[in-house]
Amino acid sequence: MAASSQSPWARYEPGSARPWTPALAGHLLRRAGFGGTPKQLQQALAEGPQRTIDRLLAPPPDLADFDQRMAELGRAIEISDDAASTACAELWLYRILQTPYPVQERMTLHWHNYFAIAGARAGKVSMMERHIRLLRSHALGRFDAMLRDLSRDPATLTALGARACRKNRPPVEFASALIGQYTSGPGQLHEREVQEAARAFTGSFVLRGEYRYIPAEHDDTIHLAGDDVLKKLLANPATPRQVVRKMYRRLISEAGEPADGLIEPLAQDFARDFDIARLVGTMLRSNLFFSPTAYRQRVKSPLEYGLGIVNGLEIQAAPAALYAQLAALGERLCEPPTRDGWPGGRRWLNHFTVVGRANLAATLAGDSARPAEAVLAALVQNDVPAEVAGRVARMQNPRELVQAIATLPEFQLA
Amino acid sequence: MITTRRSFLRASTGVPVFWRAALEAAARTDSSGTVLVVLQLAGGNDGLNTVVPYEDDEYGRHRSTLRLTGRQVHKIGTSLGFHPEMRGFARLFQEGRMAVLQGIGYPEMHRDHNAGMRNWQTGSVLPDEPTGWLGRVADRAADPDAGNVPAVFVGSIPQPLAIHARRSVVPSIREAKDWTVRGASFETTPAAGTDHLLTFAALTTATAWKNAGRMSDVLRADRGKSYPPYNLAQSLRTVAQLMRAELGIRVYLTEQGGVSPGEFDNHANQAVNHAVSLRELSDSVAAFCDDLAQDKLLDRVLLMTYSEFGRTLSENGRHGTGHGAAAPVFLAGGKLKGGLIGAHPSLTDLDNDALKPHTDFRAVYATILERWLGIESTPILGRRFPLLDITA
């Protein structure tokens, strides 16, 4: 990709026009993770943007140990067959709270919202847990490989009414999600294409929680396998465009739809090999990312809000309690409300959730005893009106102080 | 009917005093709006022992131990009577504040709890509809730029599907205190800047603080009010408190009977259990109506009940009843056409021992949406249904 140093996607290099500040370091740690601790903010500030991004995107050396520990925990926690169980979501939250590799969880969440498979429809909770692991394993990998594995994923198939795709019962709902939602987009959803794709996926079954392909149930009058359909959809330029647009909403801004000209170069680059890490890296490193177009141009989800406080104040949070608190604010992990995922944006904030966020902040603050200057630096990097900072600095009660800062309009934005 | 701050935002000149005045106006304009309270009764309520056809020989013949007599029931109309424990409903009926819609259901009703409840909750008879009919009302009435909350669930079970929305965050409220700020709300003056997202967050926060403040005031004034000591009564009291705080909520969902299968599912020893449930229902709704009637709020309220199905005409060998079909829907409020609406379904023309419905439940929904909430029903229910004559 040829790009002049002024172009939106060119690498941001701090300069006098836009210096590297605590506010921008905070911005990066919010978008690439779940907000930083004071120490992480300091480190990012010292390293500069590009070196920080290198470090955030590279799997840390202790990841294998961490994965090992999480796998053991996953086995220890009883993953039951009860679809209503919250064990999968709580295990994930624990991971989000502890991970040495936040960008991986950030992207896993992104794909969870993108594919929007709901545990309640996915059958067993153990299948949902596997589904989340699948998303994680590809979260920064290749989109084509992720799509292929999802087309054989028991939770995905079950949730999309495709657990028994007999010759005479092609999985229409699955095919329509695959085309209209996962790849080329709703604009390309035509009845004939859906029917054809559905027939191509006949033969797919979920038996005892495992994927099985039964050739005798495949409709061979169509001379098309499921993988051929995936190949076709991936070759459609609308697919990379949609992936890039949704990533733009996640990483850059929800405030407006980006112009085609902004999306196209990234979409073309992405179409070469569907490398998600490179796409994420390009976005995070860009001039645009560190510009006012992106800064505080997303509304924090409840999870981003809660984790922002937890990390900023270095609080120990219990996953089960946090799960319920986030659910009350509209984000029930592993249960996106519909196949569209969570609507996000302004929908997160309403006259009730603002009150709920205030009370969550008070609960999380517990007996925090940090001084006002430290909390202002940790949570909003002092980027609030001087009058507000002054009032906060005079507050006596440490818990109310945290609550006050966490309810500032600025802190609602990521 | 639902005002938004969008037009105001466009016209804004950024004078803080003006913002505040507009904010207050926006938060209070709906004080005269109508409110719908939907009450889910889980388990399949036995309509035949709730509104009892005590003179019908078929009723007596099939209910050897469960039958209620003309001497026991609270008579309404010429041959029907409320269950003996339903003094509250009987009084509301006499006062013209209650309507009984008879024979409600849909063709080929599901007799399975989950599938049956699902139909009533989604307002659809298609499987896999992920949103509830009230959730779709919430989506249509919510203005994401205003941050208003058109619908809430009041109760302590997981939020029922009836109020699941596609785009809106629908609160679950256990008690009105959930809508107050613990600690102190930190008020900032929304700056009229060019950053629309920040302005949105500031305005939504400012209005939320005002609403939460009114909620605290209501709770202080509401102390000492007497409601019966039932869960449902406490939920309805919460609804009344939320109404008084003028939060702009148009739809409340609450429930009696808990999670599936629910307390109304009386396969055995029905007499005592059903009496206890109906007393809770009747006393709680009556207390709610009386409370609201005191300051004329009842005129703004329409309460509606539903249950997934009625029960079989025949009593089983364990002094209980099986899953049935058609059943009555109850309406209560200050501005409705009280009385019996629609004929009692026949006790001889049955569908596998259950009453046949003559009126589609979605016609009830459509009527309430159009005539009471003033919301077009077709986008919510997917098609048009004939409207019933229920409002005065």
Side-chain angles (χ1 to χ4, degrees), chain A residues 84 118 120-121 161 173 253-256 292 296-299 302 327-332 336-340 342-343 345-359 361-363 365 384-385 387-388 391-392 395 397 399-401 403-413, chain B residues 27 127-131 135 139 142-150 152 158-159 161 164-173 177-191 194-212 215 247-249 259:
Chain A
R121 282 197 70 194
E173 187 189 356
S253 165
E254 296 171 329
R296 287 181 180 163
Q297 291 303 308
R298 285 176 38 80
V299 177
L329 297 174
E331 194 173 22
R332 193 177 293 279
T338 69
R339 245 178 51 194
D340 297 340
W342 286 274
R346 294 183 184 212
R347 298 280 182 176
W348 285 132
L349 286 187
N350 65 36
H351 299 156
F352 173 76
T353 58
V354 166
V355 173
R357 285 180 178 215
N359 290 335
T363 304
V384 291
E387 175 265 332
V388 170
R391 277 170 60 205
V392 168
M395 290 179 77
N397 180 326
R399 182 193 293 219
E400 284 183 9
L401 167 88
Q403 192 181 29
I405 295 169
T407 53
L408 291 175
E410 287 83 357
F411 190 70
Q412 309 317 307
L413 306 180
Chain B
D128 296 335
E129 167 57 51
T131 64
D139 276 340
D143 177 351
D145 296 336
N148 63 326
V149 180
V152 303
Q159 208 170 77
L161 173 60
H164 283 200
R166 181 174 294 274
R167 292 182 293 273
S168 310
V169 176
V170 175
S172 281
I173 307 292
K177 225 174 108 226
D178 295 349
W179 210 303
T180 61
V181 179
R182 277 190 288 122
S185 54
F186 186 79
E187 305 202 11
T188 56
T189 312
T194 50
D195 189 332
H196 299 300
L197 212 51
L198 189 61
T199 305
F200 159 76
L203 284 172
T204 306
T205 303
T207 310
W209 290 163
K210 287 192 168 58
N211 287 358
M215 191 72 255
L247 305 170
I249 300 163
V259 295

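When each of A:L329, A:V299, A:V354 is checked for heavy-atom pairs under 4.5 Å with chain B, A:V354 comes out on top. Note on B:G135, B:G183, B:A184, B:S172: by heavy-atom pairs under 4.5 Å with chain A, the leading option is B:A184. Your options are B:D128, B:I173, B:D178, and the one with the most heavy-atom pairs under 4.5 Å with chain A is B:D128.
For the pair B:E187 and A:R391, the tightest heavy-atom approach, listed with the atom from each and the gap, is O-NH2, 2.8 Å. Among all heavy-atom pairs drawn from B:A165 and A:P337, the shortest one is O-CB, 3.7 Å. Across all their heavy atoms, B:A201 and A:L413 have their closest contact at CB-CD2, 4.5 Å. The minimum heavy-atom distance linking A:A358 with B:V181 is given by the pair CB-CG1, 4.2 Å. When all heavy atoms are compared, the tightest approach of A:P409 to B:T188 is CD-OG1, 4.0 Å.
With sequence neighbours excluded, no residue satisfies side-chain hydrogen bond (donor to acceptor under 3.5 Å, both in side chains) with B:S185. Applying the side-chain contact (heavy atoms from CB on, under 4.5 Å) test to A:A255 and every residue at least two apart in sequence or in another chain returns A:S253, A:Q297.
Between A:Q412 and B:L197 there is no side-chain heavy-atom pair separated by less than 4.5 Å. Side-chain contact check for B:F186 versus A:V392: some heavy-atom pair is nearer than 4.5 Å.
Between A:T363 and B:R182, the side chains place a donor N or O and an acceptor N or O closer than 3.5 Å (distance only, hydrogens not considered).
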> Going through the checks in order, is the side-chain contact (heavy atoms from CB on, under 4.5 Å) test met by B:V169 and A:F352?
Replying inline: CA-CA 9 Å; B:V169 176; A:F352 173 76; 5.9 Å; no

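Contact of A:T353 with chain B is made through the side chain alone, with heavy-atom distances under 4.5 Å. In this structure, chain B has heavy atoms under 4.5 Å from both the backbone and the side chain of A:E410. In this structure, chain B has a heavy atom under 4.5 Å from the side chain of A:L408, while its backbone stays farther away. Looking at A:R121, the atoms closer than 4.5 Å to chain B (heavy atoms on both sides) all sit in the side chain, from C-beta outward. Proximity to chain B (any heavy atom under 4.5 Å) is restricted, for A:R296, to the backbone atoms N, CA, C and O. Using a 4.5 Å cut-off between heavy atoms, A:L349 touches chain B through backbone and side chain atoms alike.
Checking side-chain atoms of A:H351 against main-chain N and O of B:A146 turns up a donor-acceptor pair under 3.5 Å. Under the 3.5 Å distance criterion, the side-chain polar atoms of A:N359 are matched with a main-chain donor or acceptor of B:T180.
Heavy-atom neighbours of A:R332 CZ from other residues, nucleotides or ligands within 6.0 Å: at or below the threshold of 12.
A distance of 10.5 Å separates CG of B:N211 from CG of A:N350, quoted to the nearest 0.5 Å.
For the pairing with A:R346, the side-chain hydrogen bond (donor to acceptor under 3.5 Å, both in side chains) check across B:D143, B:T204, B:D145 returns one residue only, B:D145.
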